[in-house]
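Below you'll find the structure, written out as structure tokens, and then a few comments.
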Amino acid sequence: MNKLLTACLALLLCSTSWAAATITIVNGDPPGVGFNDPAPVAPVGGNAGTTLGAQRLNAFQAAASKWGATLDSSVPIRVLATWDALPCSDTAAVLGSAGALEVFADFPGAPQANAWFGKAETNKLIGVDADPEVPDIRARFNVNLGQPGCFTGSPFYLGLDNNHGPHTDLVTVLLHEFAHGLGFQTYTDDETGELLAGVPSIWDYFLLDTTTGKVWKDMSDAERAASAIKSGKLVWNGVQVTNAAQIVLQPGTPILTVLTPASVAGVYQVGTAAFGPPLGSPGLTGEVMPVVDTPPDLGLACAPLSAVNALAVRGKIALVDRGACTFVVKSRNVQDAGAIGLIVADNVAGAPPSGIGGSDPGIHIPVVRITLEDGQALKRVIARRSRSHSGLFANLGVNLAVRAGTDPLGRVLMYAPRPNQPGSSVSHYDTSATPNQLMEPAINADLTHEVKPPFDLTYPLLKDIGW
Ligand SMILES: [Zn+2]
């Protein structure tokens, strides 16, 4: 209490008016490392620092300024930052991580009782630093990026102008990680469903499982753990985000709609292909026929189709299995046999289905990927069929009534992959959001440096939780 009063007095004496927030970087690196790396560098993209360390700090200041201009708080936000050796290889890297250093619940003026708030937001809401001894946010960034064995030769782009080319834009990564630290995260265990000290996070008041109609705060641990892997069924139920989605996200979700038979009718998530025509509206409707070329019951389509398989898929949407050759090769082979579309069933369990990479300007049929589980379900109902008919009719298309990254009611989907990805699940937007969003779990090259509409949904979520 004494501490609070002292801080309050100091604040009243020192501040007049605040239109935004001040974010300061606390350099936690030892001499010669990270922010203190003395290696000389050339200016890049508006970053005039003359050492590697200075340029890193300038990029941090740029991201801090962006968030500072967006948020409103009378209490300076302090980010304790270091450059560390984070998990890394040449194909995958943890770029950075960040979170609140402390959380608080049931403080005077809390907008929601029985809910954890991150320290930076707590400070904003009570108007003083709730614990002046401790910074608000802890952030770590990958010091080895670009070194041998860690995205070799592709370090962070340290320019401030987002002109990163093939490299990873540090300012974008910082904007993302600072958002986590500001409160874009749950403090509940996304794998076990266990609450932190028995109290739900403010996040858990908005995280809704559309299959049960329950929000996370009202669930048991087991229910939370189960809903964390319901890809496509876990949404953010907050008015700021839902309203903003109407201007930020594009109309139209790529989807597979099974029309008949009734036992499997419904919508299925798809991963779309980087080649071939994009899915459109009203889309492509046809009968689905499997290719079977590999015992016991697989269709890999890695070689030109046999006469029997060609007869089966001619004028139909072909169904094949992932594996043994590229998606482009499979697409070529079914297209050459006369198929009008291609569904590739994944060969490893998990959801949502990933996108399909590859390039071939000669492919003119739409191609999508579905999950292993969905592929098996569809195959089961067409196990009995004639040589040229299955009775399974489907549409490959875009549902213009549903924005890319929302559920049919317009609520934004949260990242809920199966299997769970601890630390990533639940505390990000789903990867189906289009255009790509800052708070998806993996960085995309086309992100802007914006954190609010009409570009981005990060700030609306912070407003939902009380910022
Ligand atoms: Zn993240």
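Order of appearance sets the numbers: ligands from 1, and atoms from 1 within every ligand. For clarity, every value in this text was computed on a predicted model and none was experimentally measured.
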### Message
Once you measure the plane-to-plane angle for Trp236 and Phe206, does it fall in the parallel (<30°), tilted (30-60°) or perpendicular (>60°) bin?
### Response
parallel

### Query
Taking atom types as modelled, is there a side-chain donor on Thr70 or Lys452 under 3.5 Å from an acceptor on the other?
no

#### Entry: Residue-atom pairs from the protein, N, O or S only, that lie under 2.8 Å from the Zn ion (ligand 1)
His176 NE2, His180 NE2, His428 NE2

### Query
Phe178 vs Phe141 aromatic rings, parallel, tilted or perpendicular, using cut-offs 30° and 60°?
perpendicular

### Message
Whether the side chain of Trp203 engages the backbone of Val426 through a donor-acceptor N/O pair (distance < 3.5 Å, no angle test) should be reported.
### Response
yes

### Phe151 ring center within less than 6.0 Å of Phe156 ring center
no

### Task
Pick out which of Thr24, Asp129, Leu182, Asn123 makes a side-chain contact (heavy atoms from CB on, under 4.5 Å) with Ile77.
Leu182

